[in-house]
S.K.: 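Before I ask anything, here is the structure I am working with.
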Amino acid sequence: MSWTRAFLLSLLSILLIITFSSVVKSAAVRDDSKPADAQGAARQVFMAESDASNFFKRRSRRSPKYYAELQAEQRMKRAASERRREYNEEQRDEYESYVEEDRDEVNERSRETNEQLREYHYDGLYPRFYWFH
């Protein structure tokens with residue numbers, strides 16, 4: 001119990017020292033400059049009421065799209081489909097080359113296996129027309 005009291009007392013004293021020290025005051029941002037023009041800042045952030053209403057009147061939710069907007073959307077869709085087509089084509093080519101290499105490897109292994117079996121079982125009676133059964 002005594003160590004918790006000592007710990008809390010030390011934390012409290014550190015907090016008081018930090019609060020009243022000059023280091024904290026020097027780290028604070030000083031406001032030596034003249035007060036900012038409040039209306040100038042408001043003009044930069046907000047637009048005039050007439051401009052805002054024109055902004056929303058110009059294109060409502062249900063109004064048809066402008067031709068330039070349609071063209072831009074179509075260009076974006078075409079570019080996306082072209083990228084998708086190229087990606088799929090590249091993936092297909094990679095898969096086809098992988099399958100071709102895999103088939104070649106399998107064929108080579110089976111050919112080697114068949115040659116080894118022929119050599120092992122060879123009895124000197126090749127070609128076939130020497131066999132009488």
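Only this structure's heavy atoms are used, side chains among them; waters, hydrogens and symmetry mates stay out. Everything quoted here is computed from the prediction, not taken from an experiment.
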S.K.: I'd like to know if E100 and R103 make a salt bridge, using a cut-off of under 4.0 Å between side-chain N and carboxylate O.
M.R.: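 A salt bridge is absent here (no side-chain N lies under 4.0 Å from a carboxylate O).
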S.K.: Applying the side chain to side chain contact (heavy atoms under 4.5 Å, CB included) criterion to N88, which one of R84, R92, R85 satisfies it?
M.R.: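 It is R84, the one option of R84, R92, R85 that forms the side chain to side chain contact (heavy atoms under 4.5 Å, CB included) with N88.
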S.K.: After noting the C-alpha distance and the side-chain angles of E86 and R83, does the key distance pass the salt bridge (Lys or Arg N to Asp or Glu O under 4.0 Å) rule?
M.R.: CA-CA 5 Å; E86 287 176 357; R83 284 193 304 269; over 6 Å; no
S.K.: From D102 CG over to S97 OG, what is the distance, rounded to the nearest 0.5 angstrom?
M.R.: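 One finds 11.0 Å between CG of D102 and OG of S97.
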S.K.: Rounded at 0.5 Å granularity, tell me how far CD in E96 sits from CD in E89.
M.R.: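 Taking CD in E96 and CD in E89, the distance rounds to 9.5 Å.
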S.K.: Do NZ/NE/NH1/NH2 and the carboxylate oxygens of E112 and R109 come within less than 4.0 Å?
M.R.: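 A salt bridge is absent here (no side-chain N lies under 4.0 Å from a carboxylate O).
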S.K.: In Å, rounded to the nearest 0.5 Å, how long is the span from CG of L70 to NZ of K77?
M.R.: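 NZ of K77 is found 8.5 Å from CG of L70.
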S.K.: Could R78 and E82 be called an ion pair, given the rule that one side-chain N must be under 4.0 Å from one carboxylate O?
M.R.: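 Looking at E82 together with R78, the answer is no, because their closest N to O distance does not fall below 4.0 Å.
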S.K.: Quick one: pull up CH2 in W3 and CG in L8 and give me the separation to the nearest 0.5 Å.
M.R.: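 One finds 9.0 Å between CH2 of W3 and CG of L8.
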S.K.: Would you kindly say whether Y67 and Q71 are connected by a side-chain donor-acceptor distance under 3.5 Å?
M.R.: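 Present: a donor and an acceptor within the cut-off.
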